[in-house]
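Provided herewith is a single structure, encoded as structure tokens, for subsequent inquiry.
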Amino acid sequence: MGVKLRNYLHLHFIVFIWGFTAVLGKLITIEALPLVWYRMGIAALLIMVFIGIRRYSLKVSKRSFLILATAGGALALHWVTFFLAIKVANVSVALAVMSTGAFFTALLEPILYKRKIIRYELVFGLVVVLGLVLIFKVESKYAYGMAIALLSAFMGVVFTLLNGKLVVTEKPTIISFYELAIGAVLISVYLGVQGAFTVDLFRLSENDWILMGILASICTAYAFIGGVHVMKYLTPYTVVLTVNLEPVYGVVLAFFILGEAEKMNPMFYLGALIILATVIANGILKNRDRLKKEKRA
């Protein structure tokens, strides 16, 4: 099995885990901001223990730290808006809107990476938006949640593109630690300014602690490091477009775990199917382009 294929399959496994993340976010009863604070803080501590065991150096350049800080802030905002969208709308709608990330990436990646715009990436991005329009027409009552999810999708793209730069020079584990730790610190500052550090912040039910443990360890620490690692071998656009499968995995899991609350109109599933088909088409074209390059070489 080739290195690229192995990492592509690993990415799909990680995306499946992220689909489960949305369900956990719905099941955990605390609000979005403290939820993300716990998630980032606990995951950063777990990764710090791993770094200590492996004896990795935490030293990074000033330029890398600046990018890490920006990415950490983008990640924190991405997750806060993501979980907020889930709580004010539902898992299915929030995940579907996140698919607009492909369109944002098709526009921003050529600028940040100084490469030519690939036409079919723009087309695929627009097709994803078409799928979103179908979903929006059906579920317009969730307009507020969809707007928040749209902001989350944009911040997720910014974060992914910045990581594409960082992974060239830094270890995925180190990148993950700094971004999660910086995000947790930024949220801590905000909570402190808001006077939110009260006893209530630390009063979680036993069920919430269990779910938070799963969210922080498997769905964050492991999946985060793996997600950064695959970017050594896959382009940011391919990563973002593949992550659009998260709604498919998430919607299926939500229906089986959360039941009737996640049952949607048939047009919703048509929009989701369009998004899925776009992801598959991108993978086929990317593989075709790779084979052409290998033949030329």
Side-chain angles (χ1 to χ4, degrees), residues 1-25 39-40 42-44 46-47 49-51 53-54 56 68 71 75 78-79 82 95 98-99 101-102 105 109 113 121 124 128 153 156-157 159-180 213-253 275-291 293-294:
M1 186 185 294
V3 175
K4 280 196 174 183
L5 178 59
R6 185 167 63 250
N7 280 277
Y8 190 63
L9 293 174
H10 188 200
L11 175 61
H12 275 277
F13 178 65
I14 291 168
V15 172
F16 177 80
I17 291 174
W18 284 336
F20 186 61
T21 295
V23 177
L24 289 174
R39 180 187 187 182
M40 299 186 90
I42 295 172
L46 290 173
I47 294 174
V49 171
F50 178 77
I51 288 172
I53 294 171
R54 299 299 293 267
Y56 289 151
L68 285 164
L75 177 64
H78 164 61
W79 277 348
F82 174 63
L95 284 173
M98 294 297 294
S99 300
T105 308
E109 187 183 344
Y113 286 76
E121 287 186 352
F124 285 163
V128 167
V157 168
F159 161 74
T160 301
L161 292 174
L162 289 173
N163 268 354
K165 291 282 188 180
L166 287 166
V167 78
V168 176
T169 57
E170 309 296 340
K171 285 186 176 69
T173 309
I174 303 302
I175 293 171
S176 301
F177 169 72
Y178 273 113
E179 289 175 346
L180 290 166
I214 297 171
L215 178 64
S217 58
I218 299 172
C219 299
T220 306
Y222 161 71
F224 200 87
I225 293 172
V228 175
H229 176 76
V230 299
M231 292 195 71
K232 284 186 174 182
Y233 308 96
L234 306 173
T235 68
Y237 182 82
T238 296
V239 170
V240 170
L241 199 61
T242 304
V243 170
N244 285 331
L245 282 171
E246 184 180 339
V248 180
Y249 297 140
V251 167
V252 172
L253 287 168
I275 293 168
L276 173 61
T278 306
V279 174
I280 295 171
N282 174 68
I284 292 171
L285 288 178
K286 282 286 192 296
N287 187 57
R288 185 195 67 181
D289 291 345
R290 179 182 61 80
L291 291 173
K293 288 179 181 178
E294 287 178 355

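Predicted model, so just to flag it, every value in this text is computed and none were measured. We number each residue from 1, following the sequence as shown.
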Rounded distance (nearest 0.5 Å) linking atom CG of Asn163 with atom CD of Glu179: 4.0 Å
Steps toward side chain to side chain contact (heavy atoms under 4.5 Å, CB included) verdict (Leu180, Arg39): CA-CA 9 Å; Leu180 290 166; Arg39 180 187 187 182; over 6 Å; no
Straight-line distance of Phe224 CZ to Phe177 CZ, nearest 0.5 Å: 12.5 Å
Test log, rule side chain to side chain contact (heavy atoms under 4.5 Å, CB included), inputs Leu234 and Leu11: CA-CA 9 Å; Leu234 306 173; Leu11 175 61; 3.8 Å; yes
Side-chain heavy-atom pair Met231, Pro172 within 4.5 angstrom cut-off: no
Within-4.5 Å side-chain heavy-atom neighbours: Phe20 and Ile218: no
Approximate separation, where rounding is to 0.5 Å, of Phe159 CZ and Leu75 CG: 4.5 Å
His78 vs Val157 side-chain heavy atoms within contact, under 4.5 Å: no
Flag if over 12 foreign heavy atoms under 6.0 Å of CZ, Phe16: no
Heavy-atom closest pair, residues Ala216 and Ala43: O-CB, 3.5 Å
Sub-4.5 Å side-chain heavy-atom contact between Glu170 and Leu68: no
From CD1 (Ile51) to OG (Ser176), nearest 0.5 Å: 8.5 Å
Distance (rounded to the nearest 0.5 Å) between Ile225 CD1 and Thr220 OG1: 10.5 Å
Nearest atoms (heavy-atom pairs only) where Ile14 meets Gly227: CD1-N, 3.5 Å
Plane angle bin for His12 and Tyr8 - parallel if under 30°, tilted between 30 and 60°, otherwise perpendicular: perpendicular
Spacing of Leu166 atom CG and Ile175 atom CD1 [to the nearest 0.5 Å]: 5.0 Å
